[in-house]
Amino acid sequence: MPTIYIDGQALEVAQGENILEACLNAGMDLPYFCWHPAMGSIGSCRQCALVQYQNEEDTRGRIVMGCMTPVTEGARFSLNAENATEFRSAVVESLMLNHPHDCPVCGEGGECHLQDMTVMVGHRDRRYTGKKNTHRNQYLGPLIHHEMNRCITCYRCERYYRDYAGGKDLGAQASHDHVYFGRHEEGVLQSEFSGNLVEVCPTGVFTDKPFLKHYSRKWDLQSAPSICSGCAVGCNIAPGERYGKLKRVHNRYNHEVNGYFLCDRGRFGSGYINSDARLDYAGIKKPDGSFMAVHQQQAIDTAASWIKHKKIAGIGSPRASLEANYLLRELVGAANFVAGFSDSEAEIMGTIVRSLKNTTASNPSIKQMEAADAILILGEDVTNTAPRVALGLRQSVRNKAFELAEQMGLPPWQDAAIRNLAQDQRSPMIIVSAMDTRLDDVASRCVSLAADDIASFGYAVAEVLAGGKTEDMAVNEAAEILLGAKNPLIISGSSMSHAGIVNGAVAVAEALGSQSKPAMLSLCVAESNSLGLALLVDSGLKTKPLSISKLAKKSSKLDTLIILENDLERRASNTDIELLVKAAAKIVSMDILENSTLNNSDLVLPAASYAESQGTLVSSEGRAQRYFPVYQPAAERLPSWQWLLQLADACEHKTLSELEHFDQVVSACAASQPLFTTLVDVAPMRDYRSQGQKIPRQTHRYSGRTAMNAGVSVHEPQQPEDTESPLAFSMEGLNRDEAASLIPFVWSPGWNSNQSLQKFQAEVDGPLKGGTAGVRIIQSTGLGALQSSEPAEQILKSHQWHLVPVHQVHGSEEMSANTDEIAELAGPAFIAIGQKVAEKLGVTEGDGLIVTQGKTDISLQVKILSRVAKNCVGFSAGYSETLELTAGSLVSLIKDQQWVRPTSQMIATDKRTGTQGGSAHV
Amino acid sequence: MLSELRTIWEVLKHTFTKAETVQYPEEMPYLSPRYRGRIVLTRDPDGEERCVACNLCAAVCPVDCIALQKDTREDGTWYPEFFRINFSRCIMCGMCEEACPTYAIQLTPDFEMCEYDRQNMVYEKEHLLINGVGKYPDYNFYRVSGMQTATKDKGEAQNEARPIDTKSLLP
Ligand code: SF4
Ligand code: SF4
Ligand code: SF4
Ligand code: SF4
Ligand code: FES
């Protein structure tokens, strides 16, 4: 640990750091712009200047850039020397020459790093009298607003978008003071991670477009620590609310999981929460099929009369919290509880849970995956099924570059130098999939195979690893890179709806394990709590858990069926749904948005969304994480766990009616099986206090408290009380250095932007001072997880194809697809084919094809992919139009002669408007 | 004794001086334009609403009695969808006026705001907005700001150069 001196103060710093990091770690405020903890330094903005002295006698020193200067033993610096402060202030002044007079109408205002740094260096008055440069803005799609005048040319956007996230359609243009950051022409940003530009850009060039529509300042947002429900990765988010509307979702730092970045589904996919299609009141179905609104108590009483002493069953949900699923299971009894997976998904989830419980491999966090130096992906388009993981994998393939850098003695933060050194050299990554994946551009080899063959590929690699031989070059290569690696990583998952693929991946991991090469095995699952639900049903019962189709068959004996946040249309066949609806005398269901299952029910209960309730989700990493309500549910909505608890109480349920608070539910759930014991440690309980107070959800500058409700009544209501969590709907209390699971927003004196995060981190880019949120609940026995044999081959007739599900960040996930912007990006449902098949069928991109699967005919738009396995066609998975298509089934295709080609298609074409700039850029 | 006599003398003397008190409300006192009374929202010289819904007044208000919500016009400019001041809380400190970057919010010399019903002290935008520029006749924020509006292209704001053609190699 070298010692350096800053303004005479001796500092012990970590070897390999730069001075900027050292200063920030020591709590000093050294301004910066271009440096980013996840992206390193390039020394382009000149903001982090300080003075370095030759030795103790040297009084003049020279200006150096903190972010480009490594710490060395005995080095002497000054932050406060006059030439340093003058220099920094001059840099801001020059950056301000062209800065528009925009702060009042800028979506960054109040959380702007440029504002903060300007105040920090003390620059105030404009001396330059020349004209300001101006730029035209671009239309960049429905998510990102562009206001180029505000740029300070720090290059962070370009470095993030291209270098870090692998985007291709945004970059720097022109030269000298004409530099421009945008696309080659107007159009939708193509990266699935474009939303992070909002947080990466230190100014208001890139701002959150949906947020701008109903904008509030950061200081006015009420926030709570939450977990993204967009997929099973479990990124930590900080949603903000004002006036009863969810305004935006910001990243919440979790050192192990999402770090600084989210995907666009997670950031922009919560608009459905403000949707008009949400239910406000419970409803009882009248004989004419319409619903009559009733109050909570009446709904509970009605439901109780249908449940008490009756034969009941319950269907859970992979997108509902662990607590809600647990309560439903207890209410109906484990033998009558159906997880709510589709039948095929239930089988795969069973396989995954058994594998994770016994494998010798470890189940890595994203941070751990970023350390992988050889990757084998079997059957997943990770960018579309576990988006944030894919962003991590783009960093893993850079480990080759870091290895080269180490040989050269370059510190890892020397970003530009390392990229120059490594050029296109990457760590190996082999992708075996049926079709194009969004990671193909960084893969060392892509293999296109049908689902069964992907599974066989896995087994073949395992065999070679165990000493077998094969002719297949790709298999040999995969075995070779995994064996040669320090940290091999195998990724697979449930997206192909094919258990064999998962088994193949497990086989590879186990084979590596038996070569005493501990592997990482990451299995992507579909929904935010798929794994939690699978763990819940996997325990306790010796018999196989009940499936939806089995329940449908025996449902004639049912009195009442309770459905928890589950649209059966997405998970069960039409015949099963019909059986269930006909057979069950009464159906009680609770959900967030209107859907066909609610319409089929006799009593509907309006459930609170994730932003209005609390619960635990188990991510694919096996990490249990708690989300807390951002605001109170409107009207008579209730969190599902409260509906169920009240139902249990009304039915005088033996054990459940003892429970009153959320914490008690957590404890009961934790006691229900050994795997869940640590659930009580996921976040502090409701009696937790910091300095005697709860954690505030509102900032200390939260405005308008005596006016926001005055339009209704001038008599100010009491702040709502939160009896269930350690957070308060108030600005009183301290939001500093708390447990990581309890940080609702980041802010620090002088640091209003998200850069204040560094004040919450134990060290730059390290875990938070309060640790890392979440508890990993799966402890593997390490006995090995090999099971089941290779799948049998299907025989194809000519003109028949295997259906392969194609997942999309935008459109495939049930809830986010109800958000306007996401629906716009999702576009119409499609059938994806290769060029050869297209020629054979006589279609081109944008034409229509009639897809025949058994008795169903669906007309879908053609999308042409560059890489498709033999005899495979893809369909847009999770779109409402394609719910009837089943992965793995055989279909025939013919051209739809009646098809009308869509006129201008937003995603397919680049331009939305002919004009540049103008009123379109709202 | 002496002091008592002196007091009586002083009082008697004042019987013949001019009274300072006025017969309010028949007679109105003069209040300078910068007197801090009832708040108004003004318009710019072009007759458009001046407030851009930046929320600075709300943030600075020590009693938190201003609440508003930003909305966007067709041309991209910002304006308040609603703007509410709870005058039953306002202490007429004038901080909002000081914080306002557009001269929209201004305090006026009107202090006569008594109401029997407190609810009537809650003013919405339609009660606050006046048809004039108030104390600052010339200022129009959008003529200075770099934001493009329906009537002002990029590069046409005060002290702005023509938009840069990024495809050009000329300096
Ligand atoms: S657009 Fe933002 S991130 Fe990009 S160079 Fe300009 S200021 Fe930096
Ligand atoms: S990767 Fe998944 S959990 Fe993370 S932000 Fe995206 S949708 Fe949410
Ligand atoms: S005068 Fe003072 S108290 Fe009244 S609204 Fe303005 S800032 Fe608030
Ligand atoms: S400070 Fe001025 S422009 Fe900003 S919201 Fe208040 S009145 Fe409107
Ligand atoms: S942060 Fe060091 S030069 Fe930009």
Side-chain angles (χ1 to χ4, degrees), chain A residues 98-107 109-110 126 129-137 145 147-150 173-180 182 212-217 219-220 242-243 245 701-716 916-922, chain B residues 52-61 63-78 81-82 84-86 88-89 100-102 117-122 124 141-142 144-150 153-169 171:
Chain A
N98 293 315
H99 204 74
H101 187 68
D102 269 4
C103 296
V105 290
C106 173
R126 185 181 175 81
T129 50
K131 287 192 182 306
K132 290 179 182 180
N133 275 353
T134 59
H135 293 280
R136 296 215 175 271
N137 304 331
H145 175 82
E147 187 67 50
M148 185 54 208
N149 281 354
R150 300 171 187 158
Q173 296 157 30
S175 58
H176 56 92
D177 66 341
H178 287 186
V179 180
Y180 185 95
L212 268 184
K213 283 193 196 131
H214 53 185
Y215 183 72
S216 286
R217 295 283 176 210
W219 64 70
D220 279 341
R242 177 88 177 168
Y243 301 126
K245 291 259 181 300
R701 239 185 249 155
Y702 196 76
S703 81
R705 288 171 311 149
T706 63
M708 39 200 316
N709 300 308
V712 181
S713 164
V714 73
H715 304 287
E716 284 130 32
Q916 276 226 325
S919 56
H921 312 277
V922 184
Chain B
V52 298
C54 71
N55 277 290
L56 289 179
C57 52
V60 80
C61 177
V63 295
D64 282 346
C65 73
I66 304 179
L68 66 146
Q69 170 60 56
K70 177 249 171 189
D71 202 348
T72 319
R73 293 192 192 91
E74 192 100 317
D75 66 348
T77 52
W78 293 25
E81 179 194 2
F82 74 83
R84 180 182 308 132
I85 301 182
N86 178 357
S88 76
R89 287 288 189 184
C100 180
T102 68
D117 183 357
R118 236 183 102 199
Q119 187 65 46
N120 294 340
M121 298 289 275
V122 178
E124 298 290 338
F141 172 79
Y142 281 118
V144 186
S145 156
M147 192 182 247
Q148 183 172 343
T149 73
D153 194 10
K154 284 275 174 207
E156 288 180 358
Q158 239 172 51
N159 218 17
E160 273 189 355
R162 268 186 319 113
I164 284 164
D165 174 8
T166 48
K167 308 249 156 53
S168 152
L169 289 174

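In the text below, chain A, chain B and the rest are named by the order of the sequence lines, each starting its count at 1. Here the structure is a predicted model, which is why all the values come from computation and not from measurement.
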Return the minimal non-hydrogen interatomic distance between [X] and [Y], and the atom names on each side.
X	Y	answer
A:Val105	B:Trp78	O-CZ2, 3.2 Å
B:Val52	A:Pro104	CG2-CB, 3.9 Å
B:Gln69	A:Ser216	OE1-OG, 3.9 Å

Sidechain-backbone polar pair: [X] side chain, [Y] backbone, donor-acceptor under 3.5 Å:
X	Y	value
B:Asn159	A:Gly130	yes
A:Thr134	B:Gly146	no
B:Lys70	A:Leu212	yes
B:Thr166	A:Ala174	no
A:Arg701	B:Ala59	no

Using non-hydrogen atoms and a 4.5 Å limit, figure out which bit of [X] sits close to chain A: side chain, backbone, both or neither.
X	answer
B:Val144	both
B:Arg89	side chain
B:Gln119	both
B:Ser88	side chain
B:Cys61	neither
B:Ile66	backbone

ask   = When the ring planes of B:Phe141 and A:His101 are compared, do they come out parallel, tilted or perpendicular, using 30° and 60° as the limits?
value = tilted

query = If we only count heavy atoms from C-beta on, is the A:Arg150 to B:Met147 side-chain gap below 4.5 Å?
reply = yes

Compare all side-chain heavy atoms of A:His715 with those of B:Arg118 and state whether any distance is below 4.5 angstrom. yes

Structural part of [X] lying under 4.5 Å from a heavy atom of chain B:
X	result
A:Cys106	backbone
A:Asp220	side chain
A:Ser713	both
A:Tyr215	both

Hits for ring pair (Phe, Tyr, Trp, His ring centres under 6.0 Å) against A:His176, two or more places apart or cross-chain, chain-then-number order -> A:His178

Interface check, chain A: of B:Leu68, B:Thr102, B:Asp71, most non-hydrogen pairs under 4.5 Å belong to B:Leu68

Scored by heavy-atom pairs under 4.5 Å with chain B, the best of A:Ser175, A:Ser703, A:Pro100, A:Cys103 is A:Ser703

Stepwise side-chain contact (heavy atoms from CB on, under 4.5 Å) check, A:Arg136 with B:Asp153: CA-CA 9 Å; A:Arg136 296 215 175 271; B:Asp153 194 10; 2.8 Å; yes

Would you check, one step at a time, whether the test side-chain contact (heavy atoms from CB on, under 4.5 Å) holds for B:Asn86 with A:Val714? CA-CA 8 Å; B:Asn86 178 357; A:Val714 73; 3.7 Å; yes

Contacts of A:Lys213 meeting salt bridge (Lys or Arg N to Asp or Glu O under 4.0 Å) (sequence neighbours excluded), chain-then-number -> A:Glu821

Between the NZ atom in B:Lys154 and the CG atom in A:Asn133, the distance rounded to the nearest 0.5 Å is 12.5 Å

Open item on the list: Could you check whether atom CZ of A:Arg126 has more than 12 heavy atoms from other residues, nucleotides or ligands sitting under 6.0 Å from it?
Closed with: yes

